[in-house]
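Some notes on the structure that comes next.
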Amino acid sequence: MKRFLNPVPHLTSLRQLFTWSILVIPVAILAGSASAFFLWSLDAVTHARWNNPWLLYLLPVAGSLIALIYTHFGKKSESGNNLILDEIHKPGGGVPAIMAPLVLFGTLISHLFGASVGREGTAVQMGGSLAAAYGKLFSVNSKNIRVLLVAGIAAGFGSVFGTPLAGAVFALEVLVIGNLQYDVLIPAFVASFVGDQVCRAWSIHHAVYVIAQPANYALGAIDFKWITFAVFAGALFGLSGRLFAEVTHNLQKIFSSIVQYSPLRIFIGGVLIIGLTYLVGTRDYLGIGTVSQDPHGVSIMGAFTPTGATAYSWLWKLVFTAVALGTGFKGGEVTPLFFIGATLGHTFAMAFGLPVDLFAGLGLIAVFAGASNTPLACTIMGVELFGSHYLIYFAIVCFTSYHFSGHGGIYSSQRIGVAKNGSEELSGKTLKEVRLSS
């Protein structure tokens, strides 16, 4: 009873949380502002590419320019998100400040000329880089540097997608598979919330997705038929997320072994993307893919309508993105995974006579959940994007996808805390180590 009534431990804990929460606010402001500038610029370069189709033919040259800049100035920045995860787990040389401008430039150039890449990687890397620079400027100790890096991830993710709750949980869940560390959850949420609000204060608007289905599909009226379909769909989404990760990693390995000079490697990737564009006869799989220049084209938004995708749209987007990332173009994986998931959900719904918009939404979050091993964050993201009515379906597809994706993923530096198959031998290993040993 004395221990319970003793105020010292409680005050010490509150002081620590308050200190951390105040510490991360400047990082959140910087990350939110960086995301706002990035999203505004991304919209501008996307429209520039739409209005100037000839830019696609300069993609190989633009890619070589990116590679040359990273070769001469990038230091460790080439490792991207994985470098930030490594620094959180085991601090080493730190995250270079130059990572933020480099990934911003590289991503915008990639999008301007037509590479199929995303935006999450850019926001997370900018947030982590700015956090590290802020910590170095004010001589923050190593324990608090870890907090700042987690806050940078949370603020970057939450602000770029407009999902502050998911951003906070993602920043913790992405570190260790199957093991959430709650010690920095509150500062992570503060950073994600502030970053999102700052981004919105710069008049940045996020895409609005709508699942317009009758109330009998909602949480209050569970239909076991839909539960069954959600389980099967979740398994399919998890396998596709694993496929994306494996194809991308293997292409990186193959291209790096065959063509060691990175400017030439990315040049070849640009040529392949141009060839793929002519092969499929459409430019719908270039760039970010949230909306299409063609009102009848394939896009994430279009996948929520019955005529908004084809049966193989998800596969083509997977190939375009894997080639782009595998040869060295900069950006992220998440928005392409949204595209793959939404169009695969569209295909699944059309095949079984299911609600297209509902399963497009489920695919959007679940493929990412499987590929990133973050089912809780993606379930929360579903609520923030679509509302809470379909929460049970969000949870089912995300956690099913997580289990079916196995011990693979887009982030090679993720550690395994609790193995999905119960194996204690995998505990503590990174996904890269698991992949190399298999």
Side-chain angles (χ1 to χ4, degrees), residues 157-158 161-170 172-174 177-180 182 185 189 192 206-242 300-301 303-306 314 334 337-406 418 420:
F157 190 97
F161 291 120
T163 55
L165 281 173
V169 175
F170 174 83
L172 302 180
E173 195 175 21
V174 75
I177 296 174
N179 187 1
L180 271 175
Y182 291 103
L185 178 59
F189 173 70
S192 188
H206 300 282
V208 177
Y209 304 100
V210 178
I211 300 176
Q213 285 297 324
N216 63 314
Y217 295 118
L219 182 61
I222 299 299
D223 187 326
F224 285 99
K225 182 178 72 171
W226 301 113
I227 296 292
T228 302
F229 277 120
V231 171
F232 281 108
L236 180 63
F237 296 147
L239 292 172
S240 63
R242 177 66 180 269
I300 298 175
M301 299 294 286
F304 285 75
T305 63
W314 67 274
V334 176
L337 285 169
F338 286 173
F339 189 114
I340 294 167
T343 51
L344 182 57
H346 177 283
T347 299
F348 185 87
M350 294 297 289
F352 293 100
L354 303 170
V356 170
D357 50 359
L358 174 58
F359 278 83
L362 295 179
L364 184 149
I365 58 174
V367 171
F368 174 42
S372 64
N373 296 296
T374 57
L376 182 57
C378 291
T379 300
I380 295 172
M381 174 179 277
V383 175
E384 290 185 293
L385 292 178
F386 307 115
S388 62
H389 294 300
Y390 302 93
L391 174 59
I392 186 66
Y393 301 106
F394 298 156
I396 288 172
V397 294
C398 286
F399 281 90
T400 303
S401 174
Y402 165 77
H403 281 285
F404 273 83
S405 66
V418 179
K420 298 178 187 180

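- Using a 4.5 Å heavy-atom cutoff, the side chains of Ile365 and Phe386 are in contact.
- In this structure, CD1 in Ile211 is found 6.0 Å from CZ in Phe304, a value given to the nearest 0.5 Å.
- Between the side chain of Ser192 and the main chain of Pro164, a donor-acceptor pair closer than 3.5 Å is present.
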### Task
Applying side chain to side chain contact (heavy atoms under 4.5 Å, CB included), run through Tyr393 and Ile227 and close with a yes or a no.
CA-CA 7 Å; Tyr393 301 106; Ile227 296 292; 3.9 Å; yes
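- Counting all heavy atoms, side chain and backbone alike, Thr379 lies closest to Cys398 at OG1-CB, 3.5 Å.
- Aromatic ring orientation, Tyr402 versus Phe399: perpendicular (interplanar angle above 60°, classes split at 30° and 60°).
- Taking both residues in full, the closest heavy atoms of Leu337 and Ala371 are given as CD1-CB, 3.7 Å, listed atom of the first, atom of the second, then distance.
- With Lys420 contributing its side chain and Gly406 its backbone, the two residues share a donor-acceptor pair below 3.5 Å.
- A pairwise comparison of heavy atoms in Leu364 and Leu385 identifies CD2-CD1, 4.0 Å as the closest pair.
- From Leu172, atom CG reaches atom OG1 of Thr374 across 11.5 Å, with rounding to the nearest 0.5 Å.
- Across Ser240 and Leu344, no two heavy atoms sit closer than the pair OG-CD2, 3.5 Å.
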### Message
If you apply the rule side chain to side chain contact (heavy atoms under 4.5 Å, CB included), what do you find for Phe348 with Leu354, and how did you get there?
### Response
CA-CA 8 Å; Phe348 185 87; Leu354 303 170; 3.5 Å; yes
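- Counting non-hydrogen atoms of other residues, nucleotides and ligands closer than 6.0 Å to CZ of Phe404 gives a total of 12 or fewer.
- A parallel orientation is assigned to the rings of Phe368 and Phe157, their planes being inclined by less than 30° (bins at 30° and 60°).
- With values rounded to the nearest 0.5 angstrom, Leu362 atom CG is found 10.5 Å from Thr400 atom OG1.
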### Task
Test side chain to side chain contact (heavy atoms under 4.5 Å, CB included) on Leu180 and Leu185 and set out the steps.
CA-CA 9 Å; Leu180 271 175; Leu185 178 59; over 6 Å; no
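- The two atoms that bring Glu384 and Leu165 nearest to each other are OE2-N, 3.0 Å, heavy atoms only.
- Within the 3.5 Å criterion, the main-chain N or O of Ala366 finds a donor-acceptor partner in the side chain of Ser401.
- In terms of heavy-atom proximity, Gly341 sits nearest to Phe237 at O-CE2, 4.2 Å.
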### Task
Walk me through it: do Val231 and Ile396 pass the test side chain to side chain contact (heavy atoms under 4.5 Å, CB included)?
CA-CA 6 Å; Val231 171; Ile396 288 172; 3.8 Å; yes
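- A donor-acceptor pair under 3.5 Å is absent between the side-chain atoms of His346 and the main chain of Phe359, judged by distance alone.
- Close placement of the Phe338 and Phe161 rings is indicated, their centers lying within 6.0 Å of each other.
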